[in-house]
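For reference, the structure is listed below as structure tokens.
This is a predicted model, so every value here is computed, not measured. Each chain gets a letter, A, B and so on, in the order its sequence line appears, and its residues count up from 1.
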There are 4 protein chains.
Amino acid sequence: MIINSVNTLFDQALTKTSLSEKQKKVLKASLLLFSKNGFDRTSTKEIAEKAQVSEGTVYKQFKTKEGILAAILKPFVKSVIPSAAAEFITALSQANYPLLEEFLTQVVQNRMEFAIENKLQLKIFAQEVLHDKNLAYTLKHEIGGELVVKMGLALKYYQKQGQLVAWAPQRIAQYIISTVMGYLVPCILLDQPLDVPEASKEAVEFLIKGLKKNSE
Amino acid sequence: MIINSVNTLFDQALTKTSLSEKQKKVLKASLLLFSKNGFDRTSTKEIAEKAQVSEGTVYKQFKTKEGILAAILKPFVKSVIPSAAAEFITALSQANYPLLEEFLTQVVQNRMEFAIENKLQLKIFAQEVLHDKNLAYTLKHEIGGELVVKMGLALKYYQKQGQLVAWAPQRIAQYIISTVMGYLVPCILLDQPLDVPEASKEAVEFLIKGLKKNSE
Amino acid sequence: MIINSVNTLFDQALTKTSLSEKQKKVLKASLLLFSKNGFDRTSTKEIAEKAQVSEGTVYKQFKTKEGILAAILKPFVKSVIPSAAAEFITALSQANYPLLEEFLTQVVQNRMEFAIENKLQLKIFAQEVLHDKNLAYTLKHEIGGELVVKMGLALKYYQKQGQLVAWAPQRIAQYIISTVMGYLVPCILLDQPLDVPEASKEAVEFLIKGLKKNSE
Amino acid sequence: MIINSVNTLFDQALTKTSLSEKQKKVLKASLLLFSKNGFDRTSTKEIAEKAQVSEGTVYKQFKTKEGILAAILKPFVKSVIPSAAAEFITALSQANYPLLEEFLTQVVQNRMEFAIENKLQLKIFAQEVLHDKNLAYTLKHEIGGELVVKMGLALKYYQKQGQLVAWAPQRIAQYIISTVMGYLVPCILLDQPLDVPEASKEAVEFLIKGLKKNSE
DNA sequence: CATGAATGAGTCTTCATTCAT
DNA sequence: CATGAATGAAGACTCATTCAT
């Protein structure tokens, strides 16, 4: 059921034959240090030490410190939209989820699992978004835009069926995302575990109440 | 109606007699630079230049660069809970808001206005929370805890009246906060304006649907 | 009689009020180290130590290591042509030197003195010319061109008087320069003193023989 | 007529059986890069890439980067004096050049051709002389000394014949060298071609005028 | 009391050199 | 024997902080 996991994603990158064992250790060390202390508060010397590697080795593959950041975030960002979008498409095309609740459960649970498993990258990404206005812009318009389009199709389906309130897809998407985030943020910030099944059950319960079409 | 505004808060700090005109300029410059580029990517030289002050002067009042950060965030943090808590108390003690919807409207709108007006501090605060696990912990347990206690009283009031679903206060608070955040985050990240009345109307509409006790 | 001396030139730069005492020490130390070991083989740390100054101070005035090089070479280069050109103009306009020999003596001696006194800069400049093709090009076309024009006037004067062989000014200039260089190069490379009066007397003796118009 | 050419010299080194094909490529690449960018501004990685060889291979034959420099300059330096000296000896012993002009023409033309064909090594050599005072010293005393001795014999021959001014051999040698250099330097610095026959004709014309014994 | 020159530890990055494969 | 990954010492440069003026 879980399509993308942090291990899946990050280990995919690490499994690439193009990266030597040491380069992988560099990425792992950087992932931990960046997410814990932030990009700017992590020195390449620290990375080298944590990775048990020389500083020179750090620069063999990743030409600059920012190159390490990119190597960590790129596979993460690249997979966020496509895999999320895939779910909405699936919901529609195969009519696997006749009930809105089933659909929301699937989406919410899946995204929560993805986020928890990519907790560290997500935190690093959040740091970057706060620093880089361009990234924030891209996130909203390019990534968000694409997602809303795909999501819109699925939502319209449930709206037509009278299961979903007739608000704009963007607004509905925002509520879904922010409700899910409400569960994720504390556990990402504090590095705490999350009972995903329980959390997604709760989240869906609230979302269904808040988003279902009021029957008269 | 608006109790706390960025100007109110920040200018309160700046109006303190203990701060000279130059120190105020330092704080203003730091606020802008920290929120735009991040704490680590802002040098004290930049601050001095933007504040049209010498580097020495920067260090006269604020012993360290972190001291400037503290001077910016302290009044912000200090006022978040008390002023928010005050509203919940008010709601109860004076029974000014007999309807949950009225109460939510008041709280949501007020907090949105507060956030928008303290946009820059909020962004800096978010950056720090991502860097500093202690801060995140404090935020959740001390600040959040105090708030939930106060909020719990108000919520219990509406629950008893059968207007509010019988979920744990913490859960309800979380949904309120995350729904409001859904509106705030894009505008804080992208430095965009927010139509607070419209946004709070929408947010309340969703929250009421999602949180009202299902009548039978 | 001596118009430009290394002290004149370099100390002019050093006397500029815009440079603090420490900055001057940086320039002096750099001049010595660059000329002795070459630009690339001189570290900013060495410069700082020799100048008895911190590395940070080195960068206060001269934003980069290349900035120090520029600060050393600019006043040198800037004065080479104008002051040399001035002599040729003087020769003509004031008819101070009716005899070619007098003129040559003046020019040769003056340029030798200039070179000896700017020995260190000259050596650094030579190193740069060997590294930087653009600099070599500029030297030949812009600087050399301007000089030949000015020189051409003076030479033509002596040619008309039948004192100077009827070769192209550029060719004559080349012989003068290369003959003078023959005396300068060993003493610049080996940091040896040069008996300028004796050397210029010899050089002029040879040049006069080689350049005088063959009678009848 | 041309005894030593760049190809002759450098290819002699390259033809040595002790050097593998790859080592030759390393030397060729180094020659080009050192002369273009300078020794210090050329990395062994660049050399390896240009030579299409691994960095390890570079170090197989030439233990250090300086070893490559030595391998380039040694054959060059080693042949400068002997082959030049040979000409002076030839001039004398075989009385092939009864006229000073013939002798000068031969010497000047030959040395110009040698220099042009060894342009790159000459430039690298010049860079090193500017960096290394010992090299400059050796050049003057060992190499120069040996040359002046050999040359002295030839010059004395022409002086006795009344064709050559009665100056010290060193002084005459200096004029010959500097006059030739006057033609070589621009073309070495700017990597331009030189019309050697024309240039040597001109140079000799000037030298003869400047060095011939004034007949009474 | 304000200034900004001075400091020097620390940063990112390069590169000659080595050595396991 | 060739390779190129790995090393780590240096290098240029930055910046928070101090202090003499």
What's the [atom1]-[atom2] distance between [X] and [N], to the nearest Å?
X	N	atom1	atom2	answer
C:D40	E:dT14	CG	C1'	13 Å
A:L33	E:dT11	CG	P	13 Å
D:R41	E:dA16	CZ	C1'	18 Å
C:I47	F:dC13	CD1	C1'	13 Å
C:Q52	E:dA6	CD	P	14 Å
C:L69	F:dC13	CG	P	12 Å
C:E49	F:dA12	CD	P	12 Å

Toward the 5' end of DNA chain E, by each residue's nearest nucleotide, B:K60 or A:E66: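 Nearest-nucleotide comparison on DNA chain E picks B:K60.
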Which residue lies more 5' along DNA chain E, comparing C:G56 with A:K65 via nearest heavy atoms: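 Its nucleotide being nearer the 5' end, the pick is C:G56.
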Complementary nucleotide of F:dT3, counting Watson-Crick and G-U pairs under 3.5 Å: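 Partner of F:dT3: E:dA20.
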Pairing nucleotide - E:dC15, Watson-Crick or G-U, each distance under 3.5 Å: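 Matched E:dC15 with F:dG8 under the 3.5 Å cut-off.
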Using a cut-off of less than 4.0 Å, is there contact between a side-chain N or O of [X] and OP1 or OP2 of [N]?
X	N	value
D:T44	E:dA16	yes
C:T64	F:dA12	no
C:S20	E:dA5	no
D:K22	F:dT3	yes
C:T57	E:dT7	yes
C:Q23	E:dA6	yes
A:S54	F:dT7	yes

A:T57 side-chain N/O to A:V53 backbone N/O, donor-acceptor pair under 3.5 Å: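 No, A:T57 side chain to A:V53 backbone: no donor-acceptor pair under 3.5 Å.
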Check: A:K119 side chain, A:I188 main-chain N or O, donor-acceptor pair, under 3.5 Å: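 Answer holds: no.
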Sugar-phosphate, base or nothing in reach of C:V58, heavy atoms under 4.0 Å: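 The answer is nothing, as C:V58 stays clear of every strand by at least 4.0 Å.
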Shortest non-hydrogen contact between A:T44 and A:K65, atoms and distance: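 Between these two residues, the closest heavy atoms are CG2-CG, 3.9 Å.
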Residue pair D:F62 / D:L69, side-chain heavy-atom distance below 4.5 Å: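 Side chain of D:F62 against side chain of D:L69, heavy atoms only: no contact under 4.5 Å found.
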CA sep, side-chain torsions, deciding dist, call: A:R41, B:E128, salt bridge (charged side-chain N to carboxylate O under 4.0 Å, His left out): CA-CA 12 Å; A:R41 293 174 196 180; B:E128 278 320 290; 3.3 Å; yes
Presence of donor-acceptor pair under 3.5 Å, side chain of A:E55 and base of E:dC12: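 Check fails, no donor-acceptor contact within cut-off.
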